[in-house]
Visitor: 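One structure coming up, written as structure tokens, with questions to follow.
Residue numbers start from 1 in every chain, and the chains themselves are labelled A, B, ... in the order their sequence lines are given, proteins ahead of strands.
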There are 2 protein chains.
Amino acid sequence: MSAMLRLDAFLPYRLSAASNAVSKVIASAYQRRFNLSVPEWRLIAVLREVGESTQQNLVQRTFMDKVAVSRAAERLVQRALVRRTEDESDGRARLLSLTRKGRTHYDAIAPEARAYEKRLLAALSADEVAALHAMLLRIQNAATALEEAARESNAQ
Amino acid sequence: MSAMLRLDAFLPYRLSAASNAVSKVIASAYQRRFNLSVPEWRLIAVLREVGESTQQNLVQRTFMDKVAVSRAAERLVQRALVRRTEDESDGRARLLSLTRKGRTHYDAIAPEARAYEKRLLAALSADEVAALHAMLLRIQNAATALEEAARESNAQ
DNA sequence: AACAAATAGTTACATTGGAAACTATATGGT
DNA sequence: ACCATATAGTTTCCAATGTAACTATTTGTT
């Protein structure tokens with residue numbers, strides 16, 4: 001019995017279970033209320049923050065895949081929430097930014113998003129929340145470091 | 001600017017980013033080393049714990065969908081890691097349990113799984129880990145409660 | 001006993017998400 | 001200046017995952 005591992009005390013499982021439960025409720029709220037997918041909402045949130053950005057930059061900031069960014073961007077452009085322009089200094093790149101309509105959308109969504117977050121975190125103190133965020137970041141970094149290591153030992 | 005929300009300080013995003021990073025590295029390890037998907041590994045872990053179980057019971061314990069359980073079970077039966085028998089007391093149900101081969105597999109995987117967990121949590125103290133687990137559980141519960149509430153207000 | 005409603009599990013269909021291949025442009029070395 | 005290599009983004013293809021519909025069996029109500 002040396003090897004016993006309880007699934008529900010196993011970090012990757014706990015993390016995935018919590019994340020799935022949260023994603024599910026959040027995603028369905030965005031869908032129902034604003035007809036936005038989570039990736040779409042993420043682009044809007046970052047664009048509101050940074051103003052104007054290449055897709056590549058959005059990839060880095062959101063940790064989303066470039067394909068996901070491309071698809072979300074396309075849909076947002078179609079819905080006129082985002083404007084896509086040429087990048088003068090690099091012919092391959094496209095610059096994305098929110099339209100007025102996109103900003104209005106953001107302004108409607110953000111308070112609701114925060115209200116959801118508040119309800120999810122209702123059982124935690126401010127200190128706990130801060131500690132949680134820091135731990136999640138450290139774990140994410142450890143995971144990406146592990147991944148790099150695995151990749152290298154594979155490529156060798 | 002009242003509405004500003006920084007994506008990277010937003011819990012659902014932090015959680016999903018951490019969970020994705022961890023899942024990715026874990027899933028590829030299971031795949032490469034044991035040719036198992038995460039759902040398959042979860043069934044094995046729970047079956048090792050409980051010995052024998054209906055699929056329905058596995059659904060409750062893993063929070064996986066019954067379709068996911070059905071599919072993972074099928075594949076494990078094909079690979080002779082799991083045995084599926086009729087339930088005498090309920091003609092609809094199937095009882096799953098590990099074969100000897102399944103137990104052997106488990107015994108090979110569990111230490112590696114724990115080693116991964118250890119590396120992911122290397123930056124955290126034991127107290128922090130305990131706090132993290134507790135918080136993740138509370139958040140998961142809050143999310144499922146929110147979901148129920150949403151469902152009811154929809155059905156009304 | 002008979003039938004409506006619920007439950008275990010499977011099958012079929014649609015959606016999502018990721019990897020690989022591809023196009024276009026840029027960069028660095030010779 | 002030229003070519004090999006790298007990068008931004010898109011398209012194509014495929015595997016994973018969820019939803020809805022279905023089958024078989026059970027349970028509860030009359």
Visitor: With the threshold set at 4.0 Å, does a side-chain nitrogen-carboxylate oxygen contact exist between B:Arg138 and A:Glu128?
Guide: yes
Visitor: Nearest whole angstrom, please: distance from the P of C:dA19 to the CE of A:Met64.
Guide: 14 Å
Visitor: Which heavy atom of A:Leu76 sits nearest a heavy atom of A:Glu40, and at what distance?
Guide: CD1-O, 3.7 Å
Visitor: First locate atom OG1 of A:Thr54, then atom CG of A:Asn57, and finally report the distance between them rounded to the nearest 0.5 Å.
Guide: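 Rounded to the nearest 0.5 Å, the OG1-CG separation comes to 4.5 Å.
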Visitor: Measure across B:Leu36 and B:His105 and return the closest heavy-atom pair with its distance rounded to 0.1 Å.
Guide: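 Between these two residues, the closest heavy atoms are CD1-CD2, 4.3 Å.
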Visitor: When you check every protein heavy atom under 4.0 Å of nucleotides 22-28 of chain C, what one-letter string (B, S, -) results, 5' to 3'?
Guide: --BBS--
Visitor: To the nearest 0.5 Å, what is the distance between CG on B:Leu58 and OG on B:Ser70?
Guide: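 Separation between the atoms: 11.5 Å.
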Visitor: CZ of B:Arg94 versus P of C:dT7: gap in Å, rounded?
Guide: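 Result: 18 Å.
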Visitor: Can you name the one residue among B:Val67, B:Thr62, B:Val69 that meets side chain to side chain contact (heavy atoms under 4.5 Å, CB included) with B:Asp65?
Guide: B:Val67
Visitor: Walk along nucleotides 11-19 of chain D from 5' to 3' and tag each nucleotide B, S or - by protein heavy-atom contact under 4.0 Å, base first, then sugar-phosphate.
Guide: BB----BBB
Visitor: A:Gln60 has an atom CD; how far is it from atom C1' of D:dG9, in whole Å?
Guide: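 Value for this atom pair: 14 Å.
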Visitor: Can you give the dot-bracket line for DNA chain D, where a pair is Watson-Crick or G-U wobble with both atom distances under 3.5 Å, crossing pairs use [ ], and | marks a partner on another strand?
Guide: ||||||||||||||||||||||||||||||
Visitor: Between A:Ala108 and A:Phe34, what is the shortest heavy-atom contact and its length?
Guide: O-CZ, 3.9 Å
Visitor: Between B:Ser37 and B:Arg42, do the side chains contain an N or O donor and an N or O acceptor separated by less than 3.5 Å?
Guide: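 Side chains of B:Ser37 and B:Arg42: no pair found under 3.5 Å.
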Visitor: Rounded at 0.5 Å granularity, tell me how far CD1 in B:Ile139 sits from CZ in A:Arg119.
Guide: 15.0 Å
Visitor: Atom CD of A:Glu40 and atom P of C:dT15: how far apart are they, to the nearest Å?
Guide: 15 Å
Visitor: For a side chain to side chain donor-acceptor pair (under 3.5 Å) check, start with the C-alpha distance between A:Ser89 and A:Asp87, then their side-chain angles and the critical distance, and finish with the verdict.
Guide: CA-CA 5 Å; A:Ser89 64; A:Asp87 183 340; 2.9 Å; yes
Visitor: Would you say B:Gln55 places a side-chain N or O within less than 4.0 Å of OP1 or OP2 belonging to C:dT7?
Guide: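 No, no such contact exists.
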Visitor: Nearest whole Å is fine: how far is D:dA8 P from A:Arg61 CZ?
Guide: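 For the pair A:Arg61 CZ and D:dA8 P, the rounded distance is 16 Å.
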Visitor: To the nearest 0.5 Å, what is the distance between CH2 on A:Trp41 and CD on A:Gln31?
Guide: 14.5 Å
Visitor: OP1 or OP2 of C:dA8 versus the side-chain N and O atoms of B:Arg84: is any pair under 4.0 Å?
Guide: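 Checking C:dA8 against B:Arg84, no side-chain N or O comes under 4.0 Å of OP1 or OP2.
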